[in-house]
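Let me begin by handing over the structure; questions about it come next.
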Protein chains: 2
Amino acid sequence: MSARAARSDRAPGRRPPGRRPLDRRPLDLESRLTQDHHDSLRLWLRLLTCSNLIQVRVRKAMASRFNTTLPRFDLMAQLERAPEGLQMGELSRRMLVTGGNVTGIADQLEHAGLVVRAADPHDRRAYRIKLTREGRRVFEQMAIEHERWIVGMFEGLNARDKRAMNELLSRLRVCLRQGEE
Amino acid sequence: MSARAARSDRAPGRRPPGRRPLDRRPLDLESRLTQDHHDSLRLWLRLLTCSNLIQVRVRKAMASRFNTTLPRFDLMAQLERAPEGLQMGELSRRMLVTGGNVTGIADQLEHAGLVVRAADPHDRRAYRIKLTREGRRVFEQMAIEHERWIVGMFEGLNARDKRAMNELLSRLRVCLRQGEE
DNA sequence: TCTGGATATTTTAGACTTCAAATATTGACA
DNA sequence: TGTCAATATTTGAAGTCTAAAATATCCAGA
């Protein structure tokens, strides 16, 4: 995943604590618009940087500790929440990746005996993909450590920070989904 | 990748005041720990989802509008901020990707005439990669629209929300970077 | 029943990405 | 000067990912 502009999202200069009080003079309209644009862009770059930093660390930990990859873990995590199994298409929608991609990852997991494709009784076009018992066992071990890694990375935020961020991200996600076609 | 330095596992001054000082009551401790774990994990998944939703949309827009990819745009964005050019290694550190990856993307951009590799006068091992005049022209067009897309996607958050999120992400980034080896 | 558009999945080609190995050069030090 | 670990980059193999085409099936309507 690309790490856009990782270095560019630094605060341009530390703004003193006294926050500028929404200047209403018309001349400032343009500068406020510009400011707002830059705020959005900087916010995006910061969001992306954090996301990438975390992903890099999780990926390396997954590789060194369990000799597996993030996509495989993600796929198994989706299945773990759906004990009755999922269709490939539903899986690809939930993972935000293309169907072809899911096919490849599922192939590997199936080959490793961690998932199975079962024919869908109601639709002969579709498979129902599920964790095997072994897959569930393996996933549980991974999930425990994965959670520990994540918790460690978010230690710098206290409970109130986390709640605030959760709330903000939740609102962002809602409007992102609305804008989808 | 990148960041050497500060190998402190714990954020030095940032211990939040409400830090639980080893609550001994077993039931409470466990439930709070569990809650906290849950919060961190959910926060991470939400962060990742937002980041992916935005990336998917930007990628598609880049493809349909400019027939290019996100990594190429990212690379050009880095160069645009470094008029004197960058070494491949510096580029890869800033983009948070491996050197081999940068090689491939740079090859394509060079082939398209958008960047050039110039020998570094001080170090014959290194190249200095720069935007060509054409590359700069093309990038500027892309950057304008890219910013417009981003601004549109963050429209659901008001200025105060953005400031709050920026601040939180900034703190998160700091401790993520500190934890790097 | 037949037809045709929609849906579920796989396949294919090509781009992105990592890690590790290979190559070339630097710089410090004996 | 010669050596050797460090640095800058590329290469190669394998996994991940997308878009688009191909295949198979479903289902609604004539």
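In the text below, chain A, chain B and the rest are named by the order of the sequence lines, each starting its count at 1.
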| CZ of A:R93 versus P of C:dT9: gap in Å, rounded? |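 Distance, rounded to whole Å: 8 Å.
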| task | Would you classify A:T69 as touching base, sugar-phosphate or nothing, given that sugar-phosphate means primed atoms plus P, OP1 and OP2, and contacts are heavy atoms under 4.0 Å? | result |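 Result for A:T69 = sugar-phosphate.
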| query | If you take all heavy atoms of B:N166 and A:L43, which pair is closest and at what distance? | reply | N-CD1, 3.8 Å
| task | Using atom types as modelled and distance alone, determine if a side-chain donor or acceptor of A:S51 lies under 3.5 Å from a backbone N or O of A:L47. | result |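 No: the side chain of A:S51 does not pair with the backbone of A:L47.
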| field | Euclidean distance, atom CD1 of residue B:I105 to atom P of C:dG14 [Å, nearest integer] | value | 18 Å
| said: Nearest to the side chain of B:V97, heavy atoms from C-beta on, is which of C:dT18, D:dT16, D:dT18? | reply: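 Closest of the options to the side chain of B:V97: C:dT18.
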| query | With distance as the sole test, does B:D161 use its side chain to make a donor-acceptor pair with the main-chain N or O of B:N158 at under 3.5 Å? | reply |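 Answer holds: yes.
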| request: Give the minimum heavy-atom separation between B:S170 and A:R46, together with the two atoms involved. | output: CB-NH1, 3.4 Å
| said: By nearest heavy atom, map B:G89 and A:R124 onto DNA chain D; which one lands nearer the 5' end? | reply: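 Taking each residue's closest nucleotide, the earlier one in sequence belongs to B:G89.
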| query | Which one of A:T103, A:L75, A:D74 satisfies the side chain to side chain contact (heavy atoms under 4.5 Å, CB included) criterion with A:L91? | reply | A:L75
| Value in whole Å for how far the P atom of C:dA15 lies from CG of B:L109 |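 One finds 12 Å between P of C:dA15 and CG of B:L109, rounded.
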| said: From CD of B:E110 over to P of C:dA15, roughly how many Å is that when rounded to an integer? | reply: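 For the pair B:E110 CD and C:dA15 P, the rounded distance is 16 Å.
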| query | Can you check whether A:L172 reaches B:M153 side chain to side chain, under 4.5 Å on heavy atoms? | reply | no
| request: Check the pair B:E167 / B:R163 against salt bridge (Lys or Arg N to Asp or Glu O under 4.0 Å), numbers first and verdict last. | output: CA-CA 6 Å; B:E167 163 65 16; B:R163 270 199 306 274; over 6 Å; no
| request: Whole angstrom is fine here: how far is it from CE in A:M62 over to P in D:dT16? | output: 13 Å
| query | Starting at CD of B:Q108 and ending at C1' of C:dG14, how long is that distance when rounded to a whole Å? | reply |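 Those two atoms, CD and C1', are 9 Å apart.
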| query | Below 4.5 Å, heavy atoms only, C-beta onward: do A:V58 and A:M62 meet side chain to side chain? | reply | yes
| message | Please evaluate residues A:R117 and A:D107 with respect to the criterion salt bridge (Lys or Arg N to Asp or Glu O under 4.0 Å), reporting the C-alpha separation (whole Å), side-chain torsions for both, the decisive distance (0.1 Å), and the verdict. | response | CA-CA 9 Å; A:R117 284 173 167 97; A:D107 284 349; 2.9 Å; yes
| request: Give, ordered by number, those residues of residues 70-79 of chain A having at least one heavy-atom distance below 4.0 Å to an atom of DNA chain D; if nothing qualifies, reply none. | output: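 Residues of residues 70-79 of chain A under 4.0 Å from DNA chain D: A:P71, A:R72.
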| Nearest to the side chain of B:R59 - C:dT9, D:dA19, D:dT16? |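 It is D:dA19.
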Could you list all N or O pairs between the protein and nucleotides 4-7 of chain C that sit under 3.5 Å apart?
| residue | atom | partner | partner atom | Å |
| --- | --- | --- | --- | --- |
| C:dT7 | O2 | A:R125 | NH1 | 2.4 |

| said: Testing B:H146, B:R72, B:E80, B:E134 one by one against B:F139 for a side chain to side chain contact (heavy atoms under 4.5 Å, CB included), which residue passes? | reply: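 Testing each of B:H146, B:R72, B:E80, B:E134 against B:F139, the sole residue satisfying side chain to side chain contact (heavy atoms under 4.5 Å, CB included) is B:E80.
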| Value in whole Å for how far the P atom of D:dT16 lies from CG of A:L96 |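 A:L96 atom CG is separated from D:dT16 atom P by 17 Å.
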| request: Quick one: do A:M165 and B:L169 satisfy side-chain contact (heavy atoms from CB on, under 4.5 Å)? Show the steps, please. | output: CA-CA 8 Å; A:M165 195 146 155; B:L169 287 170; 3.3 Å; yes
| query | Over how many whole Å does the gap from A:H122 atom NE2 to C:dA8 atom P extend? | reply | 14 Å
| Non-hydrogen side-chain atoms of B:M95 and B:N101 separated by less than 4.5 Å |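 The answer is no, as the side chains (C-beta and beyond) never meet within the 4.5 Å cut-off.
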Show each protein N/O and nucleotides 10-13 of chain C N/O combination with a separation under 3.5 Å, one pair to a line.
| residue | atom | partner | partner atom | Å |
| --- | --- | --- | --- | --- |
| C:dT10 | OP1 | A:R117 | NE | 3.1 |
| C:dT10 | OP1 | A:R117 | NH2 | 3.3 |
| C:dT10 | OP2 | A:T103 | OG1 | 2.7 |

